[in-house]
Amino acid sequence: MAIPLPASRPGNDTVYANGTAAPPSFDPSAPPPFRISEIRAAIPPHCWVKNPWRSLLYVLRDFVIISALVAAAAYLDSWLVWPIYWIAQGTMFWAIFVLGHDCGHGSFSNSTALNSFMGLILHSAILVPYHGWRISHRTHHQNHGNVEKDESWVPLTKKTYKQLERRTRILRFSLPFPIFAYPFYLMWRSPGKEGSHFNPYSDIFAPNERKDIVISTSCWTLMAVLLVYLSFVFGPTQIFKLYGVPYWIFVIWLDVVTYLHHHGYEQKLPWYRGEEWTYLRGGLTTVDRDYGLINNIHHDIGTHVIHHLFPQIPHYHLVEATKAAKGVLGKYYREPKKSGPIPLHLVKNLVNSFRQDHYVSDEGNVVFYQTDPYLYSY
């Protein structure tokens with residue numbers, strides 16, 4: 001029997017012990033045979049059009065639902081209702097984050113003033129410092145897939161990983177702790193990176209951006225003060241039930257969805273350094289996900305490859321733009337696994353990734369996640 005020898009990196013052709021080669025397999029780290037201009041040309045012109053009225057209607061829709069959920073939960077005030085409310089409302093908080101996310105990319109409208117105004121309202125309402133997030137998220141998009149410069153769920157190098165305390169390593173890769181990470185990331189960023197999304201003098205921001213950070217931190221503070229005031233008016237337990245628990249459900253949604261945008265695919269995907277990294281190659285490591293009934297609720301944020309390459313496309317055109325681009329992308333587009341009404345199939349991807357994707361090599365310009373086999377041993 002021919003026994004396959006391991007390839008030098010995932011996706012390379014398999015060579016058997018008898019010297020014969022298996023049928024060629026696709027290498028996702030190979031430079032693509034197309035340019036980003038070819039993808040852009042395949043997308044219909046109307047997909048680039050931003051309609052501020054349509055965007056505002058989505059905001060109205062979400063706030064009407066949020067208000068109705070609050071009214072229903074407060075009126076019924078039943079422990080049979082509260083768990084349903086928490087999941088539904090947390091999901092809606094996540095939905096308005098995505099609309100604020102459009103504002104940050106300028107895909108909400110062509111008006112910078114409208115984008116900033118709506119972004120501050122939407123994100124401050126869910127305790128996200130809008131401009132601080134917007135600027136660091138821009139860094140993420142400009143450097144996606146770059147081990148040294150990316151900002152969101154960046155792989156640890158082996159050296160940084162080994163420098164972490166054992167307890168920190170276990171917490172970082174043991175569910176459910178990582179899916180509650182977002183508020184702590186906003187305050188202190190990730191291991192190996194310094195700065196805060198609230199501090200205008202943080203290294204994340206240029207001097208000419210400090211005014212924006214003061215504004216968004218002030219708006220965040222006003223929202224926090226409002227919640228404290230409401231706690232005195234209605235009682236802290238009531239505000240915790242109406243706002244506190246949904247906030248943490250929102251955090252879980254954000255951490256899970258953003259993590260799975262860049263991790264947990266069945267085949268290991270590359271990360272790049274140096275001259276091997278390009279904007280196109282980095283963007284092609286992004287993964288689309290199907291969230292079933294949630295797709296419409298969270299504004300198709302799971303349709304993420306085209307969004308990463310062209311963040312100026314409004315969310316309501318992403319599905320059509322993706323379909324149009326598939327002919328150019330070929331095997332570099334990974335068709336998402338079809339979801340049932342609830343995307344329970346993604347739990348396996350999430351769990352497996354945290355068990356296997358621990359660090360990347362300190363050297364090399366094309367690297368893949370490696371596993372620490374001793375992480376959970378005592």
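These values consider heavy atoms only, across backbone and side chains, with no hydrogens, waters or symmetry-generated copies.
- With salt bridges taken as basic N to acidic carboxylate O contacts below 4.0 Å, none links Glu194 and Arg189.
- Note that the CH2 atom of Trp133 and the NE2 atom of His131 stand 11.0 Å from one another [nearest 0.5 Å].
- Taking CZ of Phe108 as the start and OG of Ser55 as the end, the distance is 4.5 Å to the nearest 0.5 Å.
- Under the 4.5 Å side-chain heavy-atom criterion for grouping Ile, Leu, Val, Met, Phe, Trp and Tyr, Leu57 is not connected to Leu99 through any hydrophobic cluster.
- In this structure, the side chain of Asp212 does not engage the main chain of Glu209 through any donor-acceptor pair within 3.5 Å.
- Both the sub-6.0 Å distance and the 45° axial angle are satisfied by Lys241 relative to the ring of Trp79.
- Val59 places a side-chain heavy atom less than 4.5 Å from the side chain of Leu122.
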Could you go step by step and tell me if Asp62 and His299 meet the side-chain hydrogen bond (donor to acceptor under 3.5 Å, both in side chains) rule? CA-CA 11 Å; Asp62 287 359; His299 307 292; 2.8 Å; yes
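- Trp153 and Thr258 are linked by a side-chain donor-acceptor pair at a separation below 3.5 angstrom, with hydrogens and angles left out of the test.
- Between Asn296 and Asp300 there is no side-chain heavy-atom pair separated by less than 4.5 Å.
- Side-chain rings of Phe97 and Trp94 approach one another, their centers coming within less than 6.0 Å.
- A distance of 5.0 Å separates CG of Leu280 from CD1 of Ile39, quoted to the nearest 0.5 Å.
- Ring pair Trp220/Phe198: centre-to-centre distance below 6.0 Å.
- Of all non-hydrogen atoms in Cys47 and Ala321, the two that sit nearest each other are SG-N, 4.1 Å.
- When side chains are defined from C-beta on, Ile213 does not count as touching Tyr201, because their heavy atoms never get closer than 4.5 Å.
- Heavy-atom contacts from other residues, nucleotides or ligands closer than 6.0 Å to CZ of Arg355 number 12 or fewer.
- Between His137 and His141, the ring centre distance stays below 6.0 Å.
- Between Phe93 and the choices Tyr85, Tyr247, Trp248, Tyr243, the ring pair (Phe, Tyr, Trp, His ring centres under 6.0 Å) rule is met once, by Tyr243.
- Under the 4.5 Å side-chain heavy-atom criterion for Ile, Leu, Val, Met, Phe, Trp and Tyr, Trp82 and Phe234 are members of the same hydrophobic cluster.
- Under a 4.0 Å N-O distance rule, the pair Glu165/Arg172 does not qualify as a salt bridge.
- Between Phe205 and His197, the ring-plane angle classifies as perpendicular under the 30° and 60° cut-offs.
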Go through Tyr369 and His263 one step at a time and tell me if the side-chain hydrogen bond (donor to acceptor under 3.5 Å, both in side chains) criterion holds. CA-CA 10 Å; Tyr369 266 111; His263 297 77; 2.8 Å; yes
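- Using modelled atom types, one finds a donor on one side chain and an acceptor on the other under 3.5 Å when comparing Thr91 with Trp253.
- Side chains of His123 and Ile96 form no contact here, defined as non-hydrogen atoms less than 4.5 Å apart.
- At least one side-chain heavy atom of Phe173 sits less than 4.5 Å from a side-chain heavy atom of Tyr161.
- Using a 3.5 Å distance cut-off with no hydrogens or angles, the side chains of Glu266 and Asn352 do not pair a donor with an acceptor.
- In the hydrophobic clustering of ILVMFWY residues, with side-chain heavy atoms under 4.5 Å counting as a link, Leu175 and Val251 come out together.
- The 12-atom threshold is exceeded at NZ of Lys326, counting heavy atoms of other residues, nucleotides or ligands nearer than 6.0 Å.
- Aromatic pair His101/His315: centroids not less than 6.0 angstrom apart.
- In this structure, Leu329 and Phe34 have side chains that are in contact, with non-hydrogen atoms separated by less than 4.5 Å.
- Residues Val98 and Val64 are members of separate hydrophobic clusters, defined by side-chain heavy-atom contacts under 4.5 angstrom among Ile, Leu, Val, Met, Phe, Trp and Tyr.
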Decide side-chain hydrogen bond (donor to acceptor under 3.5 Å, both in side chains) for Tyr259 and Ser353; before the verdict, give the C-alpha distance in whole Å, the side-chain angles of both, and the deciding distance to 0.1 Å. CA-CA 10 Å; Tyr259 183 86; Ser353 182; 2.6 Å; yes
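- The CZ atom of Arg61 lies 7.5 Å from the CD1 atom of Ile297; values are rounded to the nearest 0.5 Å.
- For Gln238, there are no side-chain hydrogen bond (donor to acceptor under 3.5 Å, both in side chains) partners at least two apart in sequence or on another chain.
- We find that Arg273 and Glu363 are not joined by a salt bridge, their nearest charged nitrogen and carboxylate oxygen being 4.0 Å or further apart.
- Geometrically, Arg40 does not engage Phe310 in a cation-pi contact, judged by NZ or CZ lying under 6.0 Å from the ring centre and within 45° of the ring axis.
- Side chains of Trp48 and Pro314 form no contact here, defined as non-hydrogen atoms less than 4.5 Å apart.
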Report the C-alpha distance between Arg138 and Glu151 in whole Å, list the side-chain angles of each, state the deciding distance to 0.1 Å, and finish with yes or no for salt bridge (Lys or Arg N to Asp or Glu O under 4.0 Å). CA-CA 9 Å; Arg138 180 187 65 199; Glu151 178 66 26; over 6 Å; no
Can you check side-chain hydrogen bond (donor to acceptor under 3.5 Å, both in side chains) on Tyr333 and Asp288, steps first, answer last? CA-CA 8 Å; Tyr333 179 76; Asp288 277 11; 2.7 Å; yes
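- By the 4.5 Å heavy-atom criterion applied to side chains, Ile313 and Ser107 are not counted as neighbours.
- Rounding to the nearest 0.5 Å gives a distance of 12.5 Å between OH of Tyr58 and CG of Leu56.
- For His307 and His317, the gap between ring centers reaches or exceeds 6.0 Å.
- We find that Lys50 and Asp102 are not joined by a salt bridge, their nearest charged nitrogen and carboxylate oxygen being 4.0 Å or further apart.
- The structure places CG of Asp150 at 11.0 Å from CD of Gln142, a figure rounded to the nearest 0.5 Å.
- Below 30°, between 30° and 60°, or above 60°: for His144 and Tyr279 the angle between ring planes is between 30° and 60°, a tilted geometry.
- Using modelled atom types, one side-chain atom of Ser78 and one backbone atom of Leu80 make a donor-acceptor pair closer than 3.5 Å.
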